Engineer: 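Below are the structure tokens for one structure; questions will follow.
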Number of protein chains: 2
Amino acid sequence: MSLRIALLGLLSISGPASGYDLTKRFETSLAHVWQAGHSQIYPELAKMAADELITVEAEGARGRKIYTITSDGRSELHRWLTEYTPTAAPRSEIALQTFLTPLLDTEEAVALVERMKADFEARLQELLALKHPEGKPRYGRYALDLGIRQARMAVEWATDTIADLKESAPPNGDAGHATRAPESPEPS
Amino acid sequence: MSLRIALLGLLSISGPASGYDLTKRFETSLAHVWQAGHSQIYPELAKMAADELITVEAEGARGRKIYTITSDGRSELHRWLTEYTPTAAPRSEIALQTFLTPLLDTEEAVALVERMKADFEARLQELLALKHPEGKPRYGRYALDLGIRQARMAVEWATDTIADLKESAPPNGDAGHATRAPESPEPS
DNA sequence: ACTCTCATGTAATTAGTTACATGATTAC
DNA sequence: GTAATCATGTAACTAATTACATGAGAGT
């Protein structure tokens, strides 16, 4: 369903386009929001045309089909935006690694979270670079803002988690600052 | 692959269990990290047993099979945690709605983001309730911490976005505080 | 006897990924 | 002419959802 909505959204925002154009837009503007390759997009466009959410308005060079959103498509899109509440299906590999972190010993756990932190930082820089490329507000700026905040939050989480991991199992037996009881790990 | 890892993780953390037990644990401890129903879990366990990542150690009442993780299973799990870097496949319906928000007029957009905000707040309360149920640290506490920070960040984002939406298209033509130029929307 | 929860599975469908296949146009 | 990019598709496979199906044991 959501692929359909993403395609309708792109056609609504930037006008008629071919499957190829839409594939490119998934790689650029939509890249941080929804992913889809051409092998998924072409068949979906055909189904959407069969359902009359879009039509082939023109055929360009070498069989290039230019799709245009129909009023049925627009109302489907509008209905999804105003009536549908996403259920945020929790399926995140990062969260899963995070969940399972206590299975590793401290050094490994620290290495894992440090790797994550580096990824979050890279992502943050990438998103910051997208901000106002020509100094004007763009479609997707709220999504971009959300992504930036998310990345920043994740970096902070990683920093704090690394500190916590190091603190709860210090590398040497130095008892000079034992003012805080180490949290005991919970065995199975 | 990740379902497999989640199952290995549960078996590693809390010891031998049946498909039914594991399904229950997906509903409780893992609920905010990875989702799977019994119809996905049973066949996967059979495949994992065929691959010798787990074994049937005991059979309980009414055909209940108790699975135990093998050393192959443990090393597979360990390898995934230490070597595999998740690629955070961006596929979020909430981010998609966010991205498409500018297609709505201001009132509708505000209503949408307010609905999101309510959901984020509910989620935050739900997660906060899971914190230290018996006052002691638990498996999954880093994941829980990440989830809580995420929910809090999302609430803040929603608050700021609602304000921004209202500001860039005020409900009445009051020019008394026009010290700030409204951001011009970018047409298709 | 009946109902509820426990407990395990399969079937059908939809969504998504990876690999295969083909041909047109443009730039060198 | 040849290589790169444009452009569109199909096939095979894996992952996930929804629905169907069945039976055992426990409590009333």
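Note that the structure is predicted; figures quoted are calculated from it, not measured. Convention: sequence-line order gives letters A, B, ...; per-chain numbering from 1.
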Engineer: With a sphere of 6.0 Å drawn around CD of B/Glu27, does it hold more than 12 non-hydrogen atoms of other residues, nucleotides or ligands?
Structural biologist: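 Counting neighbours around CD of B/Glu27, more than 12 heavy atoms of other residues, nucleotides or ligands fall under 6.0 Å, so yes.
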Engineer: What is the distance, to the nearest angstrom, from the CD1 atom on B/Ile66 to the C1' atom on C/dC6?
Structural biologist: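 My rounded result for the distance is 13 Å.
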Engineer: Send over the distance from A/Gln35 CD to C/dA15 P, rounded to a whole Å.
Structural biologist: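 Going from CD in A/Gln35 over to P in C/dA15 covers 17 Å.
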Engineer: When the nearest nucleotide of DNA chain D is assigned to A/Tyr67 and to B/His38 on a heavy-atom basis, which residue is associated with the more 5' position?
Structural biologist: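 Checking each residue's closest nucleotide, the 5'-ward one belongs to A/Tyr67.
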Engineer: Among C/dT8, D/dA16, C/dG16, which nucleotide has an atom closest to any side-chain atom of B/Lys65?
Structural biologist: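 The nucleotide sitting nearest to the side chain is C/dT8.
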Engineer: Could you tell me if A/Glu108 and B/Thr82 have a donor-acceptor pair between their side chains, going purely by distance under 3.5 Å?
Structural biologist: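 There is no such pair (donor and acceptor under 3.5 Å, judged by atom type) between the side chains of B/Thr82 and A/Glu108.
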Engineer: Send over the distance from B/Glu44 CD to D/dT17 P, rounded to a whole Å.
Structural biologist: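 Taking atom P of D/dT17 as the reference, CD of B/Glu44 is at 13 Å.
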Engineer: Among the nucleotides D/dT18, C/dT17, D/dT8, which one has an atom lying closest to any side-chain atom of B/Ser39?
Structural biologist: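 In terms of side-chain proximity for B/Ser39, the closest of D/dT18, C/dT17, D/dT8 is D/dT18.
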Engineer: Between C1' on D/dA7 and CG on A/Leu45, what's the gap in Å once rounded to a whole number?
Structural biologist: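 Going from CG in A/Leu45 over to C1' in D/dA7 covers 13 Å.
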Engineer: What class does the angle between the rings of A/Tyr42 and A/His38 fall in, given that below 30° is parallel, 30 to 60° is tilted and above 60° is perpendicular?
Structural biologist: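 The rings of A/Tyr42 and A/His38 stand perpendicular, inter-plane angle above 60°.
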Engineer: Does the side chain of B/Asp119 reach to within under 4.5 Å of the side chain of A/Thr85, using non-hydrogen atoms?
Structural biologist: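 Yes. Closest side-chain heavy atoms under 4.5 Å.
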Engineer: Looking across every strand, which nucleic acid part, if any, lies under 4.0 Å from B/Ser2 by heavy atom: base, sugar-phosphate, or nothing?
Structural biologist: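 It contacts nothing in the nucleic acid.
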